[in-house]
Amino acid sequence: MNFHNIYREETDHLFRSFCSYVCIVLNKKYNLANILLLYLQNKDVRNLCKHVLDVDSDVAAVRIFLDFDPSLCKSKYIMKYLNSHRIK
């Protein structure tokens, strides 16, 4: 097993743990689109996610969401949120 595989497995484990924690604490169904929306809307959730995943930027954290499930970028709820918060 090489370093890349070990890193990927560890990141997947941490990502799933973060998602499970958010679902348990907020009493939400395990749905990545909902968790990503919470991430985008709530600064505390963003900071927790970045801390757990050991990333420094929001872009890196969102990339982990999209690497885990590429179909998230097609979610109508996420697109609606992003379009309503577009910088003008």
**OP:** Would you indicate whether the side-chain heavy atoms of F15 and L32 approach each other to under 4.5 Å?
**Re:** yes
Subject >> Heavy-atom closest contact (A60 atom, V55 atom, distance) >> reply: CB-CB, 3.9 Å
Original post:
Is V22 reachable from V25 through a run of hydrophobic residues whose side-chain heavy atoms are each under 4.5 Å from the next?
Top reply: yes
Subject >> Sequence neighbours excluded, every pair satisfying salt bridge (Lys or Arg N to Asp or Glu O under 4.0 Å) that has a member inside residues 10-26 >> reply: R8-D12
**OP:** Examine distances only and state if a side-chain atom of N42 and a backbone atom of L38 form a donor-acceptor pair shorter than 3.5 Å.
**Re:** no
**OP:** Any chance you could measure L66, atom CG, to L36, atom CG, to the nearest 0.5 Å?
**Re:** 7.0 Å
Original post:
Could you give the distance from CG (D69) to CD1 (I35), rounded to the nearest 0.5 Å?
Top reply: 11.0 Å
Subject >> Interatomic spacing from CD in Q41 to CZ in R46 - rounded to 0.5 Å >> reply: 9.5 Å
Original post:
Any side-chain heavy-atom pair from L40 and V45 closer than 4.5 angstrom?
Top reply: no
Original post:
Does a side-chain heavy-atom distance below 4.5 Å link F65 with C49?
Top reply: yes
Original post:
How many angstroms lie between atom SG of C19 and atom NZ of K28, to the nearest 0.5 angstrom?
Top reply: 14.0 Å
Original post:
Any side-chain heavy-atom pair from C73 and I78 closer than 4.5 angstrom?
Top reply: no
Original post:
Backbone N or O of Y81 within a donor-acceptor pair of the S84 side chain at under 3.5 Å?
Top reply: yes
**OP:** Identify the two heavy atoms, one from V52 and one from L14, that lie closest to each other, and give their separation to 0.1 Å.
**Re:** O-CD1, 3.6 Å
Original post:
Above 12 or not: heavy atoms from other molecules or residues under 6.0 Å from OH of Y30?
Top reply: yes
Original post:
How long is the span from the CG atom in D67 to the CD1 atom in I64, to the nearest 0.5 Å?
Top reply: 7.5 Å
Original post:
Residues two or more places apart in sequence or in another chain: which of them pass side chain to side chain donor-acceptor pair (under 3.5 Å) with D58?
Top reply: Y39, K50
Subject >> Straight-line distance of L37 CG to K80 NZ, nearest 0.5 Å >> reply: 10.5 Å
